[in-house]
Participant: 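One structure, pasted below without further comment.
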Amino acid sequence: TAYRRQRQMCIRDRNKTYITGVDQNLAHFLPWWIENIRRHDKETHITVCDYGMKTSWQSWLKTHVNHVLTYPPHPKCAWYWKPHSLLEAPYKYKCWIDIDCEVLDNMSEIFNYADKAELGLTVDPCRRKEVEGEKWLATGVNVIKNKPKIVEQWAKECITSDLRGDQEVLHEILKREPKLRKKIVEMDPKYQWLRLQLARGLDNPDKKLIHWSGPDGKRYIDQQIQK
């Protein structure tokens, strides 16, 4: 029956979550981030990781998201908590979306990638290559199912790393253990179109998300919020 199909769909949605993390510096992006997702997907759960937000945000989170994970401020970089948060979120399917990403369309099909490999990522075509021909993967958007071993390793190495961020940590792991590339599926770039691509005149009419990285991207988001 229609009721049974709807109920089954709701159960599936409770097994899936979009997840992001934010500290006090970018907490004001959160309503914008959630609104963009909910404009296109009203069913999939939302998880927010509190990486050092002011306590005044706690009551707001209770009425706007489905689940909250709380962490102490990271001594180096809040983004080092990202793989830990992916593992700890109490859902089967988990899609991380950085707080400076603008969702433009329904993203729910991205979860299908989690059935194809341990970790789904898009390629970062804008990253300057230190070695000719090397491939960088962009960790601003990624998807997993349950608690894959590659993410456990990524989380463990983020604890002790002195690299710039979580993307660099994963890149170093893959350079050291290239066989782990087989654990990763490369997602369609429409799931993470980069600000730098747009700045270079490269667009994708099918893009579902734009990652507004860097100071220029943050200024764009602030302008959108103020409208």
Side-chain angles (χ1 to χ4, degrees), residues 15-27 29-30 33 44-53 61 65-101 107 110-124 127 134-187 191-192 209 211 213:
N15 283 330
K16 298 175 181 177
T17 188
Y18 300 114
I19 177 171
T20 197
V22 63
D23 60 13
Q24 186 51 38
N25 294 326
L26 297 178
F29 283 10
L30 197 51
W33 184 91
T44 304
H45 281 198
I46 289 177
T47 297
V48 169
C49 303
D50 178 355
Y51 293 155
M53 300 167 67
L61 288 170
V65 307
N66 302 99
H67 196 80
V68 178
L69 296 171
T70 303
Y71 296 80
H74 199 283
K76 298 176 185 175
C77 174
W79 303 119
Y80 278 122
W81 288 127
K82 183 189 296 185
H84 294 266
S85 301
L86 279 164
L87 294 170
E88 292 182 3
Y91 294 84
K92 184 176 183 180
Y93 292 90
K94 297 167 267 195
C95 173
W96 178 278
I97 301 176
D98 275 2
I99 194 68
D100 56 352
C101 290
M107 293 277 290
I110 199 172
F111 292 104
N112 295 334
Y113 284 102
D115 288 321
K116 298 178 181 180
E118 289 193 6
L119 177 61
L121 295 163
T122 58
V123 173
D124 184 347
R127 183 68 183 240
E134 74 175 343
K135 180 183 290 186
W136 278 82
L137 297 169
T139 61
V141 176
N142 59 75
V143 65
I144 68 169
K145 181 170 69 174
N146 296 321
K147 298 182 178 183
K149 290 188 181 302
I150 190 171
V151 179
E152 290 180 343
Q153 183 173 349
W154 184 21
K156 182 179 179 180
E157 298 203 17
C158 275
I159 294 174
T160 56
S161 178
D162 59 359
L163 294 174
R164 176 173 171 268
D166 62 278
Q167 181 165 308
E168 287 74 14
V169 174
L170 181 61
H171 186 72
E172 285 301 310
I173 291 171
L174 296 176
K175 280 174 63 177
R176 191 176 66 243
E177 302 181 49
K179 67 179 185 299
L180 291 177
R181 287 268 179 180
K182 297 178 181 178
K183 306 287 186 180
I184 294 173
V185 58
E186 292 181 11
M187 302 190 297
Y191 288 108
Q192 185 176 199
L209 177 152
H211 192 162
S213 60

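Heavy-atom basis, side chains included; hydrogens, waters and symmetry copies ignored.
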Participant: Which residues pass the side-chain contact (heavy atoms from CB on, under 4.5 Å) test with A155, sequence neighbours left out?
Facilitator: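 A155 satisfies side-chain contact (heavy atoms from CB on, under 4.5 Å) with P83, H84, L87 once adjacent residues are dropped.
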Participant: May I have the list of side-chain donor-acceptor pairs in residues 139-150 shorter than 3.5 Å, sequence neighbours left out?
Facilitator:
unit_1, atom_1, unit_2, atom_2, d
T139, OG1, D166, OD2, 2.6
N142, ND2, T139, O, 3.0
K145, NZ, D115, OD1, 2.9

Participant: Mind checking the OG1-CD1 spacing from T44 to I110? Nearest 0.5 Å is all I need.
Facilitator: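 So the gap between those two atoms works out to 11.0 Å.
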Participant: First locate atom CG of L69, then atom OH of Y51, and finally report the distance between them rounded to the nearest 0.5 Å.
Facilitator: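 One gets 8.0 Å once the value is rounded to the nearest 0.5 Å.
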Participant: Within the 4.5 Å heavy-atom criterion, are C95 and Y113 side-chain neighbours or not?
Facilitator: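 Contact flag for C95/Y113 side chains = no.
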Participant: Which residue pairs satisfy the salt bridge (charged side-chain N to carboxylate O under 4.0 Å, His left out) criterion with at least one member in residues 92-101, sequence neighbours excluded?
Facilitator: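 Found K82-D98, D100-K218.
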Participant: Looking only at non-hydrogen atoms, find the nearest pair between G52 and D50 and report the distance.
Facilitator: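 Smallest heavy-atom distance, with atoms named: N-OD1, 2.9 Å.
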Participant: Of the non-hydrogen atoms in C101 and W33, which two are nearest, and what is the gap between them?
Facilitator: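 Looks like O-CD1, 3.6 Å.
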Participant: Can we say R176 and E157 salt-bridge, meaning some charged N sits less than 4.0 Å from an Asp/Glu carboxylate O?
Facilitator: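 Salt bridge between R176 and E157, a charged N being under 4.0 Å from a carboxylate O: yes.
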Participant: Among L30, T47, I46, V65, which residue meets the side-chain contact (heavy atoms from CB on, under 4.5 Å) test with T20?
Facilitator: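 Among L30, T47, I46, V65, the one that satisfies the side-chain contact (heavy atoms from CB on, under 4.5 Å) with T20 is L30.
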Participant: Yes or no on side-chain contact (heavy atoms from CB on, under 4.5 Å) for W96 and I19, after CA distance, side-chain angles and deciding distance?
Facilitator: CA-CA 5 Å; W96 178 278; I19 177 171; 3.9 Å; yes
Participant: Checking F111 now: which residues fulfil ring pair (Phe, Tyr, Trp, His ring centres under 6.0 Å) with it, not counting sequence neighbours?
Facilitator: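 Result, ring pair (Phe, Tyr, Trp, His ring centres under 6.0 Å) vs F111: Y18.
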Participant: How about T17 and H67: do any of their side-chain heavy atoms sit closer than 4.5 Å?
Facilitator: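 Contact flag for T17/H67 side chains = no.
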Participant: Measure the spacing between CG of L137 and CE of M187 and express it to the nearest 0.5 Å.
Facilitator: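 These two atoms lie 9.5 Å from each other.
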Participant: Apply side-chain hydrogen bond (donor to acceptor under 3.5 Å, both in side chains) to E88 and list each qualifying residue two or more places apart in sequence or on a separate chain.
Facilitator: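 Only Y71 meet the side-chain hydrogen bond (donor to acceptor under 3.5 Å, both in side chains) criterion with E88.
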Participant: In Å and rounded to the nearest 0.5 Å, what is the OG1 to CD distance from T122 to E186?
Facilitator: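 Separation between the atoms: 9.0 Å.
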Participant: First locate atom CG of L26, then atom CE of M53, and finally report the distance between them rounded to the nearest 0.5 Å.
Facilitator: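 So the gap between those two atoms works out to 10.5 Å.
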Participant: Calculate, to the nearest 0.5 Å, the distance between atoms SG and CD1 belonging to C49 and I99 respectively.
Facilitator: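 Separation between the atoms: 10.5 Å.
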Participant: Short question: side chain of E168, backbone of G165 - any donor-acceptor pair under 3.5 Å?
Facilitator: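 Yes, E168 side chain to G165 backbone: donor-acceptor pair under 3.5 Å.
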Participant: Quick one: side-chain hydrogen bond (donor to acceptor under 3.5 Å, both in side chains) partners of Q167, sequence neighbours excluded?
Facilitator: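 With neighbours one apart ignored, the set is D124.
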